[in-house]
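Scroll down for the structure; my scribbles are underneath it.
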Amino acid sequence: MTEFLFRDDAYLRSCEATVVAVEPNGVVLDRTVFYPTGGGQPGDVGTLTAADGRVVQIAEARKGATPDSVLHIVAADQPTLAVGDRVTASIDWDRRYRLMRMHTLLHLLTAAVPFPVTGGQVSDGKGRLDFDADAALDKEAIERALNAYVARAKPVAARWISEDELAARPELVKTMSVKPPTGTGRVRLLDVEGIDLQPCGGTHVRDTAEIGAVRVDKIESKGARNRRVVVSFA
Ligand SMILES: [Zn+2]
């Protein structure tokens, strides 16, 4: 298994780690700062640097064969690593920080648009959510609400609850398409103080003010009830 350092501290840019498995397309470490693709958030890119200075470019982090492991996908034509090698794992922080800001913005968007979420995607500098909405959405009003949430500079923090507690509070689940991972007995809740509370395993900023000014680029109709809201940084 891999210790998910990014889960307790999303601001970690690098860590020391040991290679515990080498697979045809990637490397598994005993601990990592690389977030693996999932929950609508792209996996991190970055480097693994061995003690002798060899630098291995990582094209993407993905979930490994088991849910508690991360596979670091090695880019083409890189030096090879072996089980037992000590490495420094470093993510492309500028990209990750933009993803954290955008991911947190999508939490604000679920508060600004009071309809169930049917899908979504965090991208670098852009994001979108699909809503099951039977009414027209007001682009300017949503943009104003988002920027007001950002300006409130509210803390963002994760905490854990039991699966039983989540089952007793179904209103916490806003996303119809993605069920929170179950089976471990506990679920990670992401709390944007006074604005949004829902299960989420992604990486977020600590304070809504870090998101900065945002805009709603467009609202598209994808079917009779499906409204897609596309947002970016202003
Ligand atoms: Zn989240």
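In this text, all values refer to a predicted model and were calculated from it rather than measured experimentally. As the structure lists them, so they are numbered: ligands from 1, and atoms in each ligand from 1. Basis for what follows: all heavy atoms, side chains included, without hydrogens, waters or symmetry-related copies.
- When each of R159, K154, H107 is paired with D191, the side chain to side chain donor-acceptor pair (under 3.5 Å) condition holds for R159 and for no other.
- In summary, the side chains of R186 and S162 do not present any donor paired with an acceptor at a separation below 3.5 Å, with no hydrogens or angles considered.
- No option in V74, L29, T32 other than L29 meets the side-chain contact (heavy atoms from CB on, under 4.5 Å) test with L48.
- For D130 and K222, the salt-bridge test fails: no basic side-chain N is under 4.0 Å from an acidic carboxylate O.
- Around the NZ atom of K218, the shell of radius 6.0 Å holds no more than 12 heavy atoms that belong to other residues, nucleotides or ligands.
- For the Zn ion (ligand 1), the neighbouring protein N/O/S atoms at less than 2.8 Å, given as residue and atom, are H103 NE2, H107 NE2, C200 SG, H204 NE2.
- Side-chain atoms of S232 and K126 form no donor-acceptor pair, as typed in the model, at a separation below 3.5 Å.
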